[in-house]
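Everything below concerns the one structure shown next.
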Protein chains: 2
Amino acid sequence: MPDSILVGLNAVILAVTDETPRVLTLAGRDGRAGAAEPLQAAPGLDILPYGPLDPEADRTLELTLRNWVRERTGLELGYVEQLYTFGDRNRDPAGRAGDPRVISVAYLALVREGTPRGTERPRWRDCYRYLPWEDWREGRPELLDAEILPALEGWAGRAPTPAEESERRARIGITFGTGDFGWDAYRTLERYELLFEAGLVHESRPSDDGGRDSGLGHPMGLDHRRILATALGRVRGKLRYRPVVFELVPERFTLLRLQRVVEALVGIGLHKQNFRRLVERGGLVEGTGRLDTETGGRPAELFRFRPEVLLERRAPGLGIPGG
Amino acid sequence: MPDSILVGLNAVILAVTDETPRVLTLAGRDGRAGAAEPLQAAPGLDILPYGPLDPEADRTLELTLRNWVRERTGLELGYVEQLYTFGDRNRDPAGRAGDPRVISVAYLALVREGTPRGTERPRWRDCYRYLPWEDWREGRPELLDAEILPALEGWAGRAPTPAEESERRARIGITFGTGDFGWDAYRTLERYELLFEAGLVHESRPSDDGGRDSGLGHPMGLDHRRILATALGRVRGKLRYRPVVFELVPERFTLLRLQRVVEALVGIGLHKQNFRRLVERGGLVEGTGRLDTETGGRPAELFRFRPEVLLERRAPGLGIPGG
DNA sequence: CAGCATATGCTCACCTTGAGCATAAGGAAA
DNA sequence: TTTCCTTATGCTCAAGGTGAGCATATGCTG
């Protein structure tokens, strides 16, 4: 029965404003919404933009995505890359046996933040609203020691066998950085999946009947929080070896602003002088001679991206700690 | 018309024997083959294993893949990761207007080579049969200066505008390493796509009526050579930061053998002593005390993979040149 | 003018990487 | 037995990258 498979596209659209990484969400609907939303999100939960694939329409998947994002939100996407295809059964925690199989090809998109329009209440949300343990800019989040690690420790202790118990502890150590090595910003998905398995997020607690505050972080509909975690990990990794930050800042920017954008996404603070050295000596930017006097201190020079770097260097990214 | 979309899985199954990277191919069929092979490969062209997605069957896409690969080839897959989802129209160079839209979720799998069975003539093929310009182990392939670069230069010269002409030249420089920086082993896909655009591979020459030797390298059916190029690039990248080589070698191996496997995949020769230093000091392997006397020279110690490294180091891969 | 805030320049220790020299230990040839 | 060839293995060194911090510059505010 090939017709019981639905194919659609998901977009994780990221922007950074006010030193906060933001993702574009829609308000989940309350009733079945037909082909445009085949999986049913629990009422009131945020979801990622989703669109069906019209086999007759656009030539490529990416064009399809750009088109319906433009139509439904008014946003013109800049950088777009395919993220992952989610096609397992049980993607909807609230789903039932007869539900159709839904294959979602998820894309990551980076934009300069603008005001979205549309009837589905699109809005920019702080990414860390959904994944609060990922933000280490102010140091280790309290949530970790206060809630996450104790709860995970309990989960490890409930393992059926001693072997599995120590395996769980090892996984906790790697993904949450409690072992010899520290926090690895790129293991976003592994962390979410661990919390999911341990039943610490709303999506993996079927007993939760919609209470928004149960579980860690703010939930999303369907498996969209998993998709978001995948996307965040991907950008974090991508920043290292491709100059994608520049998709997120205006044409002219100060180096500190650029740094703040990177920090917002990676979730850790960076050494200012070294960041400057990296980005300047790496030929990623060039000064414009103009100054920004809004800094509050000594005026900062405004820089712009130097696209020629793409022709000169092999992997022109920002060597961010942990790589 | 959702039922005019077909969803299937493709597997790029890689192994290394005799210092040659190999991919498992099937012989393309001559007639329409129904759901099991919705896209029609040109007769006689090799194709990658393809299986439909049964929405009722396995819980996850990856399990589906493992199962039908086992059933159809007798191979038990080890390491598996999702590669990319190919869903554009015109995936079949020989396709026609009314063809259904086929979405293929492609997976990369690594195995220790075994003998495949099955009715579809599965066989291991040298990856460089299809992408001969990717093998730099014996130095720069002659094919490059003899055929590829002159042909690409011609293509650049035929650009409609001077701007596009210089853009083409820049792309050639980056992907084929003719510029200031050298060969970048990871740009496998970019190179294939450039050759495709330039009409230098069989798949992008509709006029070719099946002559096997027209175009560069050996063709594959549908867009499977593009999928293979994607896979090769992915393994090459993955080797850098994950210990996936060990999926391809027997439990005990000499360091030279390990190096040869890496070299086969990455397509370049490595400095022996440095490779040893990397792999030993990185804690990736441990000596077993046993010796291999088949070396032809001084016997080499047999090593084994040290899985604990996964708990100790952050990104335990092999820092291969170009990263 | 003092004090504050941010920008920007520079140094230094440490580590990694690329490359090569030198020695070890087998087998085969003389 | 000795020599030579082959591969294994150990070690060194220069060059460049990275993490961290000190010092100075330059605006604004009181």
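In what follows, chains carry the letters A, B, and so on, assigned in the order in which the sequence lines appear, proteins first and then strands, with residues in each chain numbered from 1.
The aromatic rings of B:Tyr192 and B:Trp133 sit parallel to each other, their planes meeting at less than 30°, with 60° as the upper class boundary.
When rounded to the nearest whole Å, the span between CD of A:Gln259 and P of C:dT6 equals 13 Å. As a whole-Å value, the separation of B:Phe275 CZ from D:dG10 C1' is 17 Å. The distance from atom NZ of B:Lys272 to atom P of D:dG10 is 12 Å, rounded to the nearest whole Å. The CG-P distance, from A:Leu255 to C:dT6, rounds to 16 Å in whole Å.
Under 3.5 Å, the side chain of A:Arg277 and the base of D:dG17 form no donor-acceptor pair of N or O atoms. Donor-acceptor pairing under 3.5 Å, judged by distance alone, is present between the side chain of A:Arg298 and the base of D:dA25.
Two residues, A:Gln273 and B:Thr293, neighbour DNA chain C, and the one matched to the more 5' nucleotide by heavy-atom proximity is A:Gln273.
Nearest to the side chain of B:Ala300, among C:dA7, D:dA8, D:dA20, sits D:dA8.
Cation-pi check for A:Arg240 over A:Tyr186 is met; the charged atom lies under 6.0 angstrom from the ring centroid and within 45 degrees of its normal.
Proximity of a side-chain donor or acceptor of B:Arg304 to a complementary backbone N or O of B:Arg252 within less than 3.5 Å is not detected.
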TODO: Give the C-alpha distance, both sets of side-chain angles, the deciding distance and a yes or no for ring-ring contact (aromatic ring centres under 6.0 Å, His included) between B:Phe253 and B:Phe246.
DONE: CA-CA 10 Å; B:Phe253 45 82; B:Phe246 302 103; 5.8 Å; yes

